Amino acid sequence: MSLPTRQPASAWFSFLAHALFILAAWTLFIKYLFPIGYALFYGEPWTRYIYWDLWPLAHVWLGWALLVRPRYTRALAVGMSVIEILIICTLFGRFLADPEWSIWRTNWFVNKVFVLTCFVLVLATTVPIQKNLKERPL
């Protein structure tokens, strides 16, 4: 008895998965490693400039799901994309009403532009469209 084989991820899904991995690594650097290094260099508390969240883990999870494609991949991709897009658009609205272009907020803003772009692409790729439902690989 053999296990069912899964088709390998398409090049586009592989691209999106690796974009999510790169975003997670980039986010870890600019939201955690850089602020910790900066704070320690200037003798300040190491947590002073960190904006805590677990989104990098969620991005790695979605990237992994796009490559391995467990049953819940479409629901995860659509749900996470909608939530990310809503959160980022809300945060952009607040930020752009009274922008602060410090190095910390500029890093945050640039990161969110790339995250928003990635999740718009993930949503456009995975949202079910009735007439194409059978054609989509997820």
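The chain is numbered in sequence order, starting from 1. Worth saying up front: this structure is predicted, and the values here are computed from it rather than measured.
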Novice: Please give me the minimum heavy-atom distance between Pro70 and Ala65, naming the atom from each residue.
Specialist: CD-O, 3.5 Å
Novice: Examine Phe29 together with Trp26 and report whether their ring centres are nearer than 6.0 Å.
Specialist: no
Novice: In Å and rounded to the nearest 0.5 Å, what is the SG to CG distance from Cys118 to Leu20?
Specialist: 4.0 Å
Novice: Where is the tightest heavy-atom contact between Phe92 and Leu116, given as atom of each residue plus distance?
Specialist: CE2-CD2, 4.0 Å
Novice: Same hydrophobic cluster for Ile103 and Ile36, using side-chain heavy-atom links shorter than 4.5 Å among ILVMFWY?
Specialist: no
Novice: Do side-chain atoms of Arg105 reach the backbone of Glu100 as a donor and acceptor pair under 3.5 angstrom?
Specialist: no
Novice: So, Glu44 and Tyr49: side-chain donor and acceptor under 3.5 Å apart, yes or no?
Specialist: yes
Novice: For Ile85, run the side chain to side chain contact (heavy atoms under 4.5 Å, CB included) check against Val120, Thr90, Val115, Val122 and tell me which one passes.
Specialist: Val120
Novice: Please report the closest heavy-atom contact between Pro45 and Ala39, naming both atoms and the distance.
Specialist: O-CB, 3.4 Å
Novice: For Tyr51, does the OH atom have more than 12 heavy-atom neighbours from other residues, nucleotides or ligands under 6.0 Å away?
Specialist: yes
Novice: Assess the side chains of Trp55 and Thr27: does a donor N or O sit below 3.5 Å from an acceptor N or O?
Specialist: no
Novice: Less than 6.0 angstrom separating the ring centers of Tyr32 and Trp46, yes or no?
Specialist: no
